[in-house]
Amino acid sequence: MQSFQVLQSRVDKKEPDAKIAKTEEETSDKEEEEKSAKPPAGSSKSGWKNWKKKESDGEESKITYCHWLLKSEPESRLEKGVDVKFSVDDLKAQPNQTTCWDGVRNYQARNFLRSMKLGQQAFFYHSNCKEPGIVALVKIVKEAYPDHTQFDQKDPHYDSTSRKENPKWSMVDVQFVRMTKRFIPLSEIKAHHLAHKADGGPLKDMMLFTRQRLSIQPLTQEEFDFVLSLEEEKPH
DNA sequence: GCCAACGTTGGC
DNA sequence: GCCAACGTTGGC
């Protein structure tokens, strides 16, 4: 693990989340399950509520997602002196085309990471770059375990408040599956999202737009299928 | 490089 | 617990 470490601190894989974060943090120890399954009662402002709401109304807290979107920055950018670039080509160059998805420092994103199951598929998304969009499919090959970079002082995502006995941050391992048949640009997905907001189509609530800054996002089956179907179409 | 969106922090 | 100031994400 250590070995590909530096290479892979992709930028995107980290972001601290807001309210939720705080609430969860405070809840601290045995909340593991709960965090991923449901928001704490008091977490009013940020994502959880909305997230849950739109998914279903009855048992929203039980929703289980099967597909994901993972953001990664394909262009060089220094963070605390470390280049956080990690493109799909970098992924393909890893041993077994597999990497650990370290550096996530946002509670909501972390909770999604923790709910990922072996074999589930995710879109590999290039963010903060010239052409943002989906470039590949990857799959989860190891479920959540402690992110060692939180204990590494030299890592840009070092967290001095996390203890080894009770690590705050988790990561999963993901493996390259295939490139999408064509690059699916954000602009195109967004155009569908806007159209679907008007006509009730499958992308109307897509988190890429409703939770803009979240680096690890779940997709409903309908969202995943629709986006994947775009690879068969002519680019606009 | 700009800046909108939105998360984080800290004073009170 | 509110909110102003600040920091970060990430599209454009």
Side-chain angles (χ1 to χ4, degrees), chain A residues 8-28 35-36 39-54 68-88 90-91 101-113 122-136 147 149-150 155-162 168-169 171 183-197 203-219 227 230 235-236:
Chain A
Q8 49 212 36
S9 17
R10 13 205 116 95
V11 167
D12 265 324
K13 309 186 306 176
K14 62 206 89 236
E15 26 185 299
D17 211 34
K19 233 300 131 28
I20 296 156
K22 183 147 236 172
T23 312
E24 294 181 302
E25 183 111 84
E26 287 159 1
T27 335
S28 86
K35 291 185 203 163
S36 36
S43 68
S44 43
K45 15 174 84 157
S46 22
W48 281 112
K49 252 186 178 167
N50 294 334
W51 167 60
K52 300 199 324 173
K53 229 181 218 157
K54 53 191 47 161
W68 310 94
L69 181 146
L70 308 178
K71 296 182 184 176
S72 192
E73 297 191 30
E75 296 174 3
S76 287
R77 186 171 69 80
L78 294 185
E79 194 167 319
K80 296 182 178 154
V82 178
D83 192 354
V84 293
K85 163 189 188 297
F86 194 81
S87 68
V88 69
D90 294 320
L91 173 62
W101 208 265
D102 64 301
V104 173
R105 297 294 182 269
N106 167 292
Y107 283 94
Q108 190 176 19
R110 180 203 67 181
N111 293 342
F112 285 138
L113 273 181
F123 289 123
F124 190 101
Y125 176 91
H126 279 172
S127 70
N128 201 16
C129 58
K130 286 294 155 43
E131 293 193 296
I134 292 167
V135 294
D147 176 349
T149 67
Q150 67 197 298
D155 191 277
H157 308 123
Y158 172 63
D159 182 351
S160 63
T161 68
S162 183
K168 274 188 189 171
W169 308 109
M171 62 187 181
F183 172 68
I184 304 173
L186 173 64
S187 58
E188 188 176 329
I189 304 170
K190 188 180 199 170
H192 286 291
H193 165 67
L194 291 174
H196 290 181
K197 276 208 297 184
L203 301 192
K204 67 180 191 313
D205 295 323
M206 195 176 182
M207 282 202 193
L208 199 50
F209 309 101
T210 62
R211 308 261 358 187
Q212 169 185 121
R213 294 173 53 177
L214 192 60
S215 66
I216 308 255
Q217 313 186 350
L219 279 78
V227 172
L230 296 177
H236 302 315

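In the text below, chain A, chain B and the rest are named by the order of the sequence lines, each starting its count at 1.
- Ring pair H192(A)/H196(A) is tilted by interplanar angle, where 30° to 60° counts as tilted.
- Distance R105(A) CZ to dT9(B) P: 14 Å, rounded to the nearest Å.
- Rounded to whole Å, atom P of dG10(C) lies 15 Å from atom CE of M207(A).
- One can place NZ of K130(A) at 17 Å from P of dG10(C), the figure rounded to the nearest angstrom.
- Considering only side-chain N and O atoms, Y125(A) lies nowhere under 4.0 angstrom from the phosphate OP1 or OP2 of dT9(C).
- For the side-chain hydrogen bond (donor to acceptor under 3.5 Å, both in side chains) test, no residue two or more places apart in sequence or in another chain qualifies with S160(A).
- Salt-bridge annotation for D147(A) and R105(A): present, with a side-chain N of the basic residue lying under 4.0 Å from a carboxylate O of the acidic one.
- H126(A) places its NE2 atom 17 Å from the P atom of dC12(C), with the value rounded to the nearest Å.
- Rounded to a whole Å, the CG atom of L69(A) is 17 Å from the P atom of dT9(C).
- The distance from atom CG of L78(A) to atom P of dT9(C) is 14 Å, rounded to the nearest whole Å.
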Using atom names, set out every protein N or O paired with an N or O of nucleotides 2-5 of chain B below 3.5 Å, distance rounded to 0.1 Å.
residue	atom	partner	partner atom	Å
dA5(B)	N3	R213(A)	NH1	3.4

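- With sequence neighbours left out, F209(A) forms a ring-ring contact (aromatic ring centres under 6.0 Å, His included) with H193(A).
- Between F112(A) and W68(A), the ring planes are tilted. Angles from 30° to 60° get that label.
- Atom CD of E188(A) is separated from atom P of dC12(C) by 13 Å (rounded to the nearest Å).
- Look at K71(A) and you won't find any side-chain N or O under 4.0 angstrom from OP1 or OP2 of dT9(C).
- Put simply, CG on L208(A) is 13 Å from P on dC6(B), counting in whole angstrom units.
- Residue K190(A) is classed as a sugar-phosphate contact, given heavy-atom separations below 4.0 Å to backbone atoms only.
- Comment: E79(A) engages R77(A) in a salt bridge, judged by a side-chain N to carboxylate O separation of less than 4.0 angstrom.
- Two rings, from W169(A) and Y158(A), have their centers 6.0 Å or more apart.
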